[in-house]
Amino acid sequence: MYKTICKLENLYNSFRRAQLDNHYKRKVCVFAYSLEENINRLHWELSNNRYTPQPYTYFVLHDPKTRSIAAPAFRDRVVQHSLVEEIQPLFEKQFIFDSYACRVNKGTHLAASRLKKFLMASRSIYGKETPIFALQCDIRKFFKSISWDILLKLIDKTIPCPQTFELIEKIVTTHNRNTRNTDQSTAQLSLFEPQDITQAPGINTNKRIGLPIGNLTSQLFANIYLNELDHFVKDRLRLRWYGRYMDDFYILHADKKFLREMSNEINNFLNQKLALSLHPNKLAVKNVKDGVPFVGYRIFYDHILIRGNTLLRMRRNWRDNQKQLENDSLQEEDLLASKAAILGHLKHANSYGLIKNLFK
C-alpha cells in the first residue's frame with residue numbers, strides 16, 4: 001500500500017488532481033515549474049521515511065460564516081491526494097449510504113433528493129393527517145474537537161500497512177503555522193481562541209485535538225470519525241430515516257417526544273465515544289409541513305425550494321460579479337462560470353421563476 005502511494009506515476013497523477021481549478025495560483029506554478037524535481041523529491045522523502053508536512057498558510061473566510069482555514073503547502077496536497085486515492089476505497093465499504101459529504105457520486109443534490117424521498121415515504125406510512133417531525137442537529141465545533149487519539153484508533157482498525165499508518169499519523173499530528181504569511185491581521189487572529197502563533201488555527205497540540213479544514217485528508221477523516229455515529233443511529237437505535245452531511249444531520253419520525261429522547265441518546269454517545277457534543281442552539285424538532293432546511297435547500301415531500309439565506313448569498317455574489325465585469329476586474333468567462341455554478345444549484349429545486357428573475 002505504501003509503495004503505491006510513493007510511486008512516481010501516482011504522485012504525478014496526484015499533482016494533476018491537486019492543480020485542478022488552481023492552475024494559475026502562484027504556489028501551483030512554482031511547483032509545476034520544477035515539476036520533475038519536486039515529484040522526485042517527494043518520492044525520495046516518502047520512500048526513505050523522511051517526509052514531514054510543511055507549515056500551513058493561515059487565512060479567514062467570511063462566506064457564509066467566518067471560518068479559520070489552515071491551507072497545507074501544495075507539495076503536501078499532492079501527497080494527500082495520493083494517500084486518499086489509496087485508502088478511501090477501504091473506508092467507503094464501511095460508510096452508510098446516507099452520508100453525503102465529500103464522497104464520490106454523493107453530495108448536496110443527492111442529499112436533498114434522498115430527504116425528499118424520506119418525506120414521501122414517511123407520509124405514505126403515517127398518512128396525510130399524521131404530523132411528522134424532523135430532528136435536526138449540528139455538532140459543536142466539530143473540526144476543532146476531533147480527538148487525534150480516537151481518530152487514529154479508528155483508522156488503525158482498517159489500515160493494514162504500518163508505513164501508511166505512520167504517514168497518516170504525521171498528517172494528523174504535525175501542525176505548524178507559516179509565520180512568514182503576512183496576510184493575517186491582529187483583528188483576524190482575535191476571532192479565534194488564544195494559541196501559539198506557530199500552530200495552525202483550530203488546533204490544540206496539548207489536548208491533541210483538531211483537524212485543519214483546508215486539508216484534503218480532513219474531509220475523509222471527518223467521515224471516518226462520524227461513521228461511528230452513523231452506525232450507532234442505524235444499527236443500535238435502528239432509526240430508518242436518517243441522513244448526514246458532514247456534521248449536520250436529521251432524523252424523521254412521527255413522535256416528537258421520541259425524537260427528543262433520541263437526541264439525548266445521541267448526545268450521550270458523542271460525549272462518551274467521540275468526545276463531541278451537540279450544539280444546543282442548533283438542535284430543533286420541527287414539523288416537516290414547513291419544509292426541512294438541509295444542504296442549502298428547504299425540502300418538502302413534493303417539491304424543493306432554495307433556502308432564504310442561500311438565495312441572498314447567491315444574489316449578492318451575482319451582483320458583485322456583474323459590477324466587477326463592468327469595472328473590467330472580472331473576465332466574461334469567469335462571470336459565465338459563476339452563472340453556471342448558480343444554475344447548477346438552482347436546477348435541483350423548483351426554481352423556474354427564480355432563475356428567470358435572477359438572470360433577467
Side-chain angles (χ1 to χ4, degrees), residues 1-7 10-11 13-14 17-18 20 46 51 53 72 76-111 114 139 142-175 203 208-237 239 242-250 266 269-270 272-276 295:
M1 176 179 285
Y2 190 72
K3 288 182 179 179
T4 304
I5 294 169
C6 301
K7 284 176 64 175
N10 288 341
L11 289 172
N13 291 334
S14 297
R17 291 192 294 272
L20 289 175
L46 289 166
Y51 170 78
D76 296 326
R77 284 198 69 84
V78 173
V79 173
Q80 290 177 23
H81 270 278
S82 186
L83 173 66
V84 169
E85 185 74 12
E86 184 66 18
I87 68 173
Q88 183 154 358
L90 299 177
F91 292 101
E92 278 290 333
K93 299 174 184 177
Q94 303 172 16
F95 294 158
I96 66 169
F97 184 86
D98 291 299
S99 165
Y100 311 107
C102 308
R103 295 176 62 192
V104 178
N105 298 323
K106 300 285 183 177
T108 57
H109 302 144
L110 177 64
R114 284 285 288 179
I139 295 174
F142 173 53
F143 278 95
K144 294 181 181 181
S145 302
I146 291 176
S147 165
W148 298 351
D149 297 318
I150 295 174
L151 174 63
L152 291 171
K153 284 180 182 178
L154 295 174
I155 293 173
D156 192 32
K157 294 177 183 178
T158 302
I159 300 299
C161 173
Q163 287 180 293
T164 302
F165 181 78
E166 185 180 343
L167 174 60
I168 292 170
E169 190 172 16
K170 281 183 182 178
I171 293 172
V172 171
T173 60
T174 305
H175 297 285
I203 306 298
R208 292 175 63 81
I209 59 173
L211 293 181
I213 296 178
N215 266 6
L216 174 70
T217 51
S218 294
Q219 301 168 2
L220 174 60
F221 294 162
N223 275 334
I224 294 169
Y225 207 76
L226 287 186
N227 186 49
E228 300 297 303
L229 170 64
D230 296 339
H231 284 284
F232 174 73
V233 171
K234 299 295 287 186
D235 302 337
R236 292 275 300 280
L237 300 182
L239 298 176
Y242 163 84
R244 178 178 64 81
Y245 191 93
M246 202 49 73
D247 62 327
D248 185 12
F249 61 93
Y250 66 83
I266 290 170
F269 172 81
L270 290 172
Q272 295 170 14
K273 300 296 184 181
L274 300 176
L276 300 173
V295 294

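Between the side chains of Q80 and N215, at least one donor N or O sits under 3.5 Å from an acceptor N or O. A donor and an acceptor atom, one from each side chain of T164 and E86, are nowhere located under 3.5 Å apart.
Contact between S147 and I150 at its shortest, heavy atoms only, is OG-N, 3.3 Å. Taking every heavy atom of both residues into account, Y2 and C161 meet most closely at CB-SG, 3.7 Å. Across every non-hydrogen atom of G210 and W148, the tightest pair is O-NE1, 2.7 Å. N223 and A101 get closest at one heavy-atom pair: ND2-O, 2.9 Å.
Residues D230 and F249 are not in side-chain contact: their nearest non-hydrogen atoms beyond the backbone lie 4.5 Å or more apart. Put simply, the side chain of I5 does not reach to within 4.5 Å of the side chain of N10, judged on heavy atoms. Using a 4.5 Å cut-off on side-chain heavy atoms (C-beta onward), P212 and H175 make contact. Taking 4.5 Å as the limit, some side-chain heavy atom of Q219 sits within range of a side-chain heavy atom of L216. A 4.5 Å side-chain heavy-atom check between L226 and S99 finds every atom pair outside the cut-off. A 4.5 Å side-chain heavy-atom check between P160 and M1 finds at least one atom pair inside the cut-off. Within the 4.5 Å cutoff, side-chain heavy atoms of I266 are placed close to those of L237. Contact check for D247 versus F143: no side-chain heavy atoms found under the 4.5 Å cut-off.
For residues 86-110, every residue pair satisfying the ring pair (Phe, Tyr, Trp, His ring centres under 6.0 Å) rule, not counting sequence neighbours, is listed here: H109-H348.
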Practice problem: Could you give me the CA-CA distance, side-chain angles and deciding distance for L211 and Y225, then say whether side-chain contact (heavy atoms from CB on, under 4.5 Å) is met? | Solution: CA-CA 11 Å; L211 293 181; Y225 207 76; over 6 Å; no
>> Under the criterion side-chain contact (heavy atoms from CB on, under 4.5 Å), I'd like the reasoning laid out for I87 against T158: C-alpha separation, chi angles, the key distance, then a yes or no.
In response: CA-CA 9 Å; I87 68 173; T158 302; over 6 Å; no
May I have the step-by-step check of side-chain contact (heavy atoms from CB on, under 4.5 Å) for M246 and C102, ending in yes or no? CA-CA 8 Å; M246 202 49 73; C102 308; 3.8 Å; yes
Walk me through it: do Q163 and L167 pass the test side-chain contact (heavy atoms from CB on, under 4.5 Å)?
CA-CA 6 Å; Q163 287 180 293; L167 174 60; over 6 Å; no
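Taking the six-membered ring where the residue is Trp, F269 and F232 present parallel rings, their angle staying beneath 30° rather than reaching 60°.
Using modelled atom types, no side-chain atom of S218 and backbone atom of I213 make a donor-acceptor pair closer than 3.5 Å. Judged purely by atom type and a 3.5 angstrom limit, K234 has no side-chain atom pairing as donor or acceptor with the backbone of I96.
Ion pairing between a basic and an acidic side chain is recognised when a charged N comes within 4.0 Å of a carboxylate O; K273 and E228 show no such pairing. Under 4.0 Å is where a charged nitrogen must lie from a carboxylate oxygen, and between R244 and D98 no such pair does.
Here S82 contributes atom OG and L46 contributes atom CG; the two are 7.5 Å apart, rounded to the nearest 0.5 Å. Between the CZ atom of F221 and the CD1 atom of I155 there is a distance of 4.5 Å, given to the nearest 0.5 Å. Put simply, OG1 on T174 and CD1 on I203 are 11.0 Å apart, with the number rounded to the nearest 0.5 Å. In this structure, I146 CD1 and I209 CD1 are separated by 10.0 Å, a value rounded to the nearest 0.5 Å. The distance from the CZ atom of R103 to the CG atom of N105 is 10.0 Å, given to the nearest 0.5 Å. Taken from OG in S145 to CG in L274, the straight-line distance is 11.0 Å, to the nearest 0.5 Å.
For K7, the NZ atom is loosely surrounded, since the number of other residues' heavy atoms within 6.0 Å does not exceed 12. Around the NZ atom of K3, the shell of radius 6.0 Å holds no more than 12 heavy atoms that belong to other residues, nucleotides or ligands.
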